[in-house]
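Throughout, a chain's letter reflects where its sequence line sits, starting with A, and its residues are numbered from 1. Below, all heavy atoms of this structure are taken into account, side chains as well, without hydrogens, waters or symmetry copies.
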Protein chains: 2
Amino acid sequence: MTFFEDVRAGDKYALGRHTFTAAEIKGFAVRFDPQPFHVDEAAAERSHFGALCASGWHTAAVWMRLMVAYRRTLREAALARGERVGTVGPALGFRDLKWLKPVYVGDAIDYASEVLETRVSASRPGLGLLSSRATGANQNGDMVISFISTAFIERRAAS
Amino acid sequence: MTFFEDVRAGDKYALGRHTFTAAEIKGFAVRFDPQPFHVDEAAAERSHFGALCASGWHTAAVWMRLMVAYRRTLREAALARGERVGTVGPALGFRDLKWLKPVYVGDAIDYASEVLETRVSASRPGLGLLSSRATGANQNGDMVISFISTAFIERRAAS
């Protein structure tokens, strides 16, 4: 994922694992999603979830953090080799975000990204477009989140 | 939006306005989206955005907070009348999220939700399903975020 030309449909990236703590789940939810099952253990036990679980927006935001860290690692490794990596543009949005299972306290989520499609941008020929499926799976192998993102990536030819 | 039966396609809800501050934009981005144009004014000025702007996940999370507050207000008003409101289930996911314009420091975003479709759940006949378009527009009337959510809502008949 250094330049458009280096990316192929089917490429998979393991972005890392994140374990959700109660403090972190409540800290996010108090700010952005203060539903009882995200902020209070006792209320969560009485809810259909049965226990405290993370806001879906929180599980998505952790994917973003790991993706940014992954790109940074790639960039630093390239710089160490005296190379540079293409700029990955801001995401334009995403499609088909699904929260498939709750993320409970202590769940360890493995985040990954798989390239679905690559194409040159018609409107901006110096750039390519990557469509990728982002996923998170828990320690039992159950998918908890899935969505498809599309973002610009610099073409080597243009650099 | 108290029970399924009270909701009609075309209903619109104004969820409130949120003004994004630099401290808040950076606070979210440091945790979840530490790209230069979200965490550092000088780097943002050199980027294609031209100035510090909010993570798209941040603008989405603020929608969630306002929606939760809106539902809470409805619930409290109903309780004050001696009534109750139907439970709105957790969202199952989102479709077609688009970040249409950057959200800069000081931008005041008006969030809203419009019901697109209502139907009884085939698998859970005590529940209805609401599809809604969530939007955020800035002080110039430009749409900055749009997505479609689907969530369960309790039927009055079942209560």
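In the hydrophobic clustering of ILVMFWY residues, with side-chain heavy atoms under 4.5 Å counting as a link, L74(A) and V7(A) come out together. Criterion: ILVMFWY side-chain heavy atoms under 4.5 Å apart, direct or through other members. Under it, V62(A) and I109(A) are part of a common hydrophobic cluster. Taken together through direct or relayed side-chain contacts under 4.5 Å among Ile, Leu, Val, Met, Phe, Trp and Tyr, F37(A) and F152(B) form parts of separate hydrophobic clusters. Linking Ile, Leu, Val, Met, Phe, Trp and Tyr residues whenever their side-chain heavy atoms come within less than 4.5 Å places F20(B) and V105(B) in a single cluster. If you chain together hydrophobic residues whose side chains sit under 4.5 Å apart, L97(B) and V115(B) fall into the same group.
Counting only heavy atoms from C-beta outward, the side chains of F32(A) and F28(B) approach each other to under 4.5 Å.
Heavy-atom distances place the side chain of V68(A), and not its backbone, under 4.5 Å from chain B.
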Show me the donor-acceptor pairs under 3.5 Å between chain B and chain A.
residue	atom	partner	partner atom	Å
R31(B)	O	R65(A)	NH1	3.0
F32(B)	O	R65(A)	N	3.1
P34(B)	O	R72(A)	NH2	2.9
R65(B)	N	F32(A)	O	3.1
R65(B)	NH1	R31(A)	O	3.0
R72(B)	NH2	P34(A)	O	2.9
L92(B)	O	W99(A)	N	3.1
F94(B)	N	L97(A)	O	2.8
F94(B)	O	L97(A)	N	2.7
L97(B)	N	F94(A)	O	2.9
L97(B)	O	F94(A)	N	2.9
W99(B)	N	L92(A)	O	3.1

